[in-house]
Amino acid sequence: MTLKTYSAAAIWLAAYLCNAGQAPEPPRAVNKTHAIAPVASIQITRANAQTAAGDAAPCAGVRPLAESDVRRFLAHARPVTRRAALHDDFLVGDCYMEARIRFQDGRTASLGIANDAGTALLTPIVEGSREQAQGRYLRCTECAGMLDLRDRLPTN
């Protein structure tokens, strides 16, 4: 019995050591979709960019928000934590625009886009025009600065 135990241990150790020199398998891609619900309509509620303090001067080089920009953002956005979204906004300062979105299932939400960071807060609206306290933070890395005009100076 002891010989079988040592033999099994030796075979396991040899197999382990043979695999130790090989490159690990790359992680498999996860087919997880982050798609937001299908959009029925978009109403731009603040097209011209302003800072969080309401100052438009630092955002002079940003073009007005359009419906196609909102659709692009929603198509490419991924959920992020509140901390990650606020961190990005703090690092770059930012110019904000807003839109109201009605989804095909009847839900309505407010979307506040931070142009420079490429982040947004999607907040459900209930009881007419009142926003709920909890929203969903989103990031679209390819959308960062999407509304910048060609001659706008970098934010950093």
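Residue indices begin at 1 and follow the sequence shown.
A 4.5 Å side-chain heavy-atom check between Asn48 and Met97 finds every atom pair outside the cut-off. Between Val62 and Asp148, some side-chain heavy-atom pair lies under the 4.5 Å cut-off. At least one side-chain heavy atom of Leu74 sits under 4.5 Å from a side-chain heavy atom of Val39. At a threshold of 4.5 Å between non-hydrogen side-chain atoms, the residues Ser110 and Arg100 do not count as touching. The closest side-chain heavy-atom distance from Val80 to Leu138 is not below 4.5 Å. Put simply, the side chain of Cys59 reaches to within 4.5 Å of the side chain of Thr51, judged on heavy atoms.
Remark: Phe73 CZ to Thr119 OG1 distance equals 6.5 Å, nearest 0.5 Å. Distance SG/Cys140 to CD1/Ile113: 9.0 Å, rounded to 0.5 Å.
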_Arg102 vs Ser41, side-chain contact (heavy atoms from CB on, under 4.5 Å): CA-CA, chis, key distance, verdict_ = CA-CA 5 Å; Arg102 191 172 58 80; Ser41 67; 3.5 Å; yes

*asked:* Show, in sequence, the C-alpha distance, side-chain angles and deciding distance for Arg136 and Leu121, and conclude whether the side-chain contact (heavy atoms from CB on, under 4.5 Å) test is met.
replied: CA-CA 6 Å; Arg136 183 174 171 186; Leu121 176 60; 5.7 Å; no

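Looking at residues two or more places apart in sequence or on another chain, you find a side chain to side chain contact (heavy atoms under 4.5 Å, CB included) between Ile44 and Ile42, Ala47, Leu65, Val70, Ala99. Arg72 is linked by a salt bridge (Lys or Arg N to Asp or Glu O under 4.0 Å) to nothing, counting only residues two or more places apart in sequence or in another chain. Not counting sequence neighbours, the partners of Ala52 by the side chain to side chain contact (heavy atoms under 4.5 Å, CB included) test are Tyr96. For the side-chain hydrogen bond (donor to acceptor under 3.5 Å, both in side chains) test, residues two or more places apart in sequence or in another chain that qualify with Arg63 are Asp69. With sequence neighbours excluded, the residues forming a side-chain hydrogen bond (donor to acceptor under 3.5 Å, both in side chains) with Arg71 are Glu67, listed by chain and number. Looking at residues two or more places apart in sequence or on another chain, you find no side-chain hydrogen bond (donor to acceptor under 3.5 Å, both in side chains) involving Gln43. Residues satisfying the side chain to side chain contact (heavy atoms under 4.5 Å, CB included) criterion with Ala144, sequence neighbours excluded, are absent altogether. Listed by chain and residue number, nothing satisfies the salt bridge (Lys or Arg N to Asp or Glu O under 4.0 Å) test with Asp55 (two or more places apart in sequence, or in another chain).
Every pair passing salt bridge (charged side-chain N to carboxylate O under 4.0 Å, His left out) that includes a residue from residues 106-115 is listed here, sequence neighbours excluded: Asp105-Arg107. Among residues at least two apart or in separate chains, salt bridge (charged side-chain N to carboxylate O under 4.0 Å, His left out) pairs with a member in residues 39-48 are Arg46-Glu98.
Considering every non-hydrogen atom in both Asn115 and Leu147, the closest pair reads OD1-N, 3.0 Å. Between Ala37 and Phe103 the shortest heavy-atom distance is O-CD2, 3.4 Å. Between Pro58 and Cys95, the closest heavy-atom pair is O-SG, 4.1 Å. Across all non-hydrogen atoms, the minimal contact from Tyr137 to Thr81 is CB-O, 4.1 Å.
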